[in-house]
Every structure is written in C-alpha cells, then in structure tokens.
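Have a look at the structure below, then the notes.
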Amino acid sequence: MPAFLRRSKAPSEARAAAEPTGIRRPTWSRWLAAALFGALLPLTAASQVQAPPSLPSVSTIPPSTQSTPAQAVKGGFTAAGGHGAEAAPMRFGILPLGGAFESRSDWDPLLAELSRALGRPVAVLSVNSYEALEQAIQRDDVDMAFLSGKMALDAVSQRRMKVVAQVVRHDGLPGYRALLLARKAPPFNTLAGLLADPERWRLARGEKQSVSGFIVPQLQFFLPNHIAMETRFASEVVGTHQVTALAVANNEADVATNNTADFERFKLRFPAEAGRLQVLWESELIPHAQIVMRRDYPPELRQRVQAFLVAYGRAKGPRGDAERVVLKSLHDLAGFVPADNSSLLPAAKLAYQLATQNAKTAQWVNDAARQARLQRLDSGYAEQVGVLKDVSP
C-alpha cells in the first residue's frame with residue numbers, strides 16, 4: 001500500500017510556536033493510501049509529489065455462492081451479457097470510502113445477490129485511491145461501478161459508461177453536504193482563525209476527483225475567500241474521508257474536508273476520535289452518488305441490473321430485512337432509484353463553475369489567453385450537457 005501524499009512548506013514558512021509540543025505521531029503508512037490527480041488549473045504555484053496509484057484488488061463472487069476463494073480476473077467481458085459458466089465476470093469498481101478491504105466487504109453481500117440474479121459471476125475491484133479507480137475505468141477494466149459525481153461525470157462524458165441508478169439515504173434528502181472539520185480544542189478551532197491565517201494551518205483533503213473532498217469546498221468556501229487549497233496551507237494530507245478525519249483527530253492536520261454521510265459513518269467506527277472534532281462549515285446540498293455500467297453492454301442487461309438495484313431492500317419479511325441491513329452498512333443507504341445520465345447535470349455544473357473560477361483567478365500571459373480558456377470551457381460544458389441529456393439506450 002503506498003504511503004499518503006504530503007506537501008510541506010520550508011521550515012521558515014511553517015507555523016512556529018502555536019503548535020503544541022510533545023505530540024506522538026501515529027504510523028500512518030500502515031493504512032493511509034492516496035494519489036493526487038492532475039491539476040485543474042492551467043498554471044499552478046505549488047509543486048507536489050505524486051504517489052503512484054496502488055494496484056486494484058480483485059475478487060470474484062460466483063453466482064452460486066459468496067464464499068468461493070478470491071481469484072484474479074483478467075481480460076474483458078461478454079458484450080452479449082450471457083449467463084452461466086461461460087459468461088465473463090462483471091467487474092464492479094468501488095470507491096475507496098474507508099479502506100479497500102472495508103469497501104469490498106461492505107459490498108460483498110449485495111453483489112453476491114446481483115451475481116445470483118444475473119446468473120454470472122461478479123468481480124469486486126477495490127482500490128485505495130480515486131486515481132487508481134479512474135485509471136482502471138480508462139483501461140476498460142471496470143464494467144460497472146459506484147462513483148461520486150465527478151468520477152461518474154468523467155466516465156459518462158468519455159462515453160464509456162451510462163448511469164443506471166442513484167443512491168438514496170435514510171434521511172430522505174436528495175443529497176449530502178461537504179464539511180470542514182477541525183478539532184474542538186484550541187488554537188486551530190475557529191473559522192475566523194482559518195480565514196485570517198491559513199498559512200499556519202495544516203490541511204487534510206480529498207483527491208481532486210472528490211466532489212465533497214475537493215471540488216465543492218474549493219468552489220463554495222476557499223476560492224470565494226481568496227484561498228487556494230493547493231498553495232496556502234503549511235502542509236497537506238490527501239486521502240479518503242476517513243483518512244482526513246483521522247488526520248485532524250490525531251493532530252496530523254488542523255482542518256479536513258469531509259461530508260455528512262462519511263462523517264456519520266466515521267462517528268460509528270471511531271467514536272473517540274469523532275468526539276474530538278467539530279464542524280466548522282457545511283456546503284450546499286450535493287447530489288448522491290451513481291451506479292454506472294459500460295455503455296456497450298446491451299440495454300436489456302443494464303435494465304436487469306437497474307431492476308435488481310431498485311428492488312433491493314424493498315421487500316417485506318426476513319429477506320428484505322437482511323437486505324436493508326446490508327444497505328445500512330453502505331453509507332446508511334435506503335436503496336436505489338432509477339437514474340440516467342441527466343442525473344449528472346448538477347455535477348457537470350459544479351465542475352464547470354470550478355474550472356471557470358480557476359481560469360479567472362489564474363495567472364495568464366495576457367487577457368486574450370484567459371478569454372480563450374474561458375471560451376473553451378464554455379464550449380466543453382455545452383458539449384458535456386448535450387451528452388448528459390442524451391438518454392437513448
């Protein structure tokens with residue numbers, strides 16, 4: 001497992017006497033894993049080290065049982081969506097919400113049921129970073145995936161995937177909110193302090209593909225306050241939402257990006273650490289994540305998968321109760337609703353707004369260059385909206 005990514009300023013630039021002394025640093029490399037994706041800005045002032053994405057972990061759930069030993073999966077898939085032993089495994093990619101093993105074990109029961117419903121094995125591909133999953137999608141190593149808005153948007157815009165379902169949670173809200181977390185104990189515990197002197201704070205954030213871990217906090221909080229997340233902080237840790245929350249709780253960072261769904265999950269798994277944290281800021285509502293499938297699968301197969309997901313957890317009796325327990329372990333989900341590519345229009349708007357804001361505030365050779373960049377963003381966004389509004393089979 002690769003080490004986490006950290007960027008630090010020179011000692012003369014780092015904060016001095018305000019940091020408490022005598023703090024024992026935990027050994028992060030045992031469980032931290034993250035990789036930084038390419039910058040959105042045309043020009044960037046920060047030089048960062050990029051850790052290579054870890055290799056994905058793949059295990060296969062056969063249609064007859066869930067307990068068959070894991071095996072590696074190679075090659076492609078049967079485009080006709082055949083059944084039985086001759087059908088190639090459907091490879092399901094999972095976002096790294098906690099750790100790779102935790103994510104895989106949470107999804108195993110649902111995917112075992114999906115395998116039985118389709119009569120074909122389902123291969124679980126779990127990764128330790130957004131970038132690793134994105135690269136697997138680009139290599140066509142993923143046939144179906146659970147993705148947040150930005151990653152689903154990229155997969156659909158590249159015409160590799162189509163949306164088949166969207167998750168819903170027990171709170172009934174159509175989305176979740178991005179958060180900024182800090183410790184309750186002073187000195188780094190107020191929003192006013194963060195805005196006044198961000199250079200003295202250490203940041204823990206998500207990868208640049210993360211909607212709540214990077215895009216929304218940057219767009220709705222940091223840039224409006226003239227703070228660039230990549231350049232203004234004393235140091236940074238880049239990782240999953242669990243990683244960023246633990247970094248602040250254990251005094252490895254002072255402020256962390258997170259979201260309401262992951263923070264609720266964090267409270268259950270790490271109650272002592274969660275007790276040290278407070279919410280400094282929350283965003284506007286962000287649409288929930290989507291389930292996507294390869295667009296070259298037959299429409300009939302995508303419809304069968306969609307029907308399975310929508311029905312999952314809706315039945316009465318012991319079977320429905322068991323399915324609802326599985327859903328609750330998956331970010332406290334209530335189930336799935338049918339969706340198509342148009343459900344990604346809010347994510348496309350967020351990405352466009354962030355790129356436009358970045359272009360306006362970045363350094364350019366002249367104004368003509370800035371205007372040319374803005375025009376390219378406008379035309380690219382218009383093309384993207386056209387792709388998302390195309391809901392043909």
Side-chain angles (χ1 to χ4, degrees), residues 37-38 40 56 76-77 79 81 90-97 107 114 125 127 129-168 174-176 206-216 219 285-310 336-356 376-393:
F37 184 59
L40 294 173
F77 64 97
M90 180 181 291
R91 298 161 298 181
F92 187 86
I94 304 172
L95 278 175
L97 299 177
W107 280 94
L114 175 62
L125 185 144
V127 296
S129 73
Y130 282 66
E131 185 183 17
L133 180 55
E134 185 171 61
Q135 291 182 357
I137 292 172
Q138 292 174 351
R139 292 192 305 266
D140 291 331
D141 288 342
V142 176
D143 306 318
M144 179 179 174
F146 167 65
L147 301 177
S148 63
K150 178 61 168 63
M151 290 195 68
L153 177 65
D154 290 343
V156 169
S157 299
Q158 295 164 7
R159 300 183 181 275
R160 296 177 183 272
M161 298 280 187
K162 292 181 75 73
V163 175
V164 295
Q166 190 167 21
V167 304
V168 291
Y176 59 101
E207 297 176 71
K208 290 193 175 181
Q209 301 95 319
S210 174
V211 175
S212 60
F214 182 84
I215 294 176
V216 169
L219 178 64
L285 210 61
I286 304 169
H288 284 309
Q290 281 87 1
I291 302 290
V292 300
M293 290 183 66
R294 284 177 62 157
R295 65 180 296 117
D296 47 3
Y297 269 140
E300 295 78 11
L301 180 59
R302 293 199 302 268
Q303 290 167 3
R304 290 178 64 199
V305 171
Q306 183 184 72
F308 168 83
L309 292 171
V310 171
F336 303 89
V337 294
D340 55 36
N341 291 349
S342 63
S343 65
L344 289 170
L345 287 169
K349 185 177 181 180
L350 280 174
Y352 167 69
Q353 289 173 335
L354 178 59
T356 300
R376 288 195 299 271
L377 289 174
D378 289 343
S379 61
Y381 177 60
E383 181 180 353
Q384 193 173 58
V385 168
V387 171
L388 297 180
K389 288 184 176 180
D390 178 10
V391 294
S392 57

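Owing to the predicted nature of the structure, the values given are computational and were not obtained by experimental measurement.
One finds the NZ atom of K162 at 13.5 Å from the CD atom of Q290 (value rounded to the nearest 0.5 Å). With rounding to the nearest 0.5 angstrom, the CZ atom of R304 is 9.0 Å from the CG atom of L114. Distance check, rounded to the nearest 0.5 Å: CG of N341 to CD of Q384 gives 11.0 Å. Distance check, rounded to the nearest 0.5 Å: CG of L147 to CG of L133 gives 5.5 Å. Note that CG of D143 is 8.5 Å distant from CG of D296, once rounded to the nearest 0.5 Å. Atom NZ in K349 sits 14.0 Å away from atom CG in L388 (nearest 0.5 Å).
Under the side chain to side chain donor-acceptor pair (under 3.5 Å) criterion, Y352 pairs with D378, not counting sequence neighbours. With sequence neighbours left out, the ring-ring contact (aromatic ring centres under 6.0 Å, His included) criterion links F336 to no other residue.
Among all heavy-atom pairs drawn from I137 and A155, the shortest one is CG2-CB, 4.3 Å. Closest of all the heavy-atom pairs between A351 and L153 is CB-CD2, 4.2 Å. Closest approach of E207 to Y130, counting heavy atoms only: OE2-N, 2.6 Å. Smallest separation of non-hydrogen atoms from R294 and D140: NH1-O, 3.3 Å. Residues L377 and A355 approach most closely at CD1-O, 3.5 Å, considering heavy atoms. Residues G206 and F214 come closest through the heavy atom pair O-CB, 4.0 Å.
Classification of the H288-Y176 ring pair by plane angle, with boundaries at 30° and 60°, yields parallel.
Dense packing is recorded around CD of Q158, with more than 12 heavy atoms of other residues, nucleotides or ligands lying under 6.0 Å away.
Not a single donor-acceptor pair under 3.5 Å links the side chain of R160 to the backbone N or O of V142. With hydrogens and angles ignored, the 3.5 Å screen pairs no side-chain donor or acceptor of R295 with any backbone N or O of V156. Checking side-chain atoms of R302 against main-chain N and O of Y297 turns up a donor-acceptor pair under 3.5 Å.
Proximity of M90 to M293: side-chain heavy atoms (C-beta onward) are separated by under 4.5 Å at one or more points. The shortest distance between side-chain heavy atoms of Q166 and V337 falls below 4.5 Å. A heavy-atom distance below 4.5 Å is not found between the side chains of L350 and K150.
A donor-acceptor pair shorter than 3.5 Å cannot be found between the side chains of Q138 and E134.
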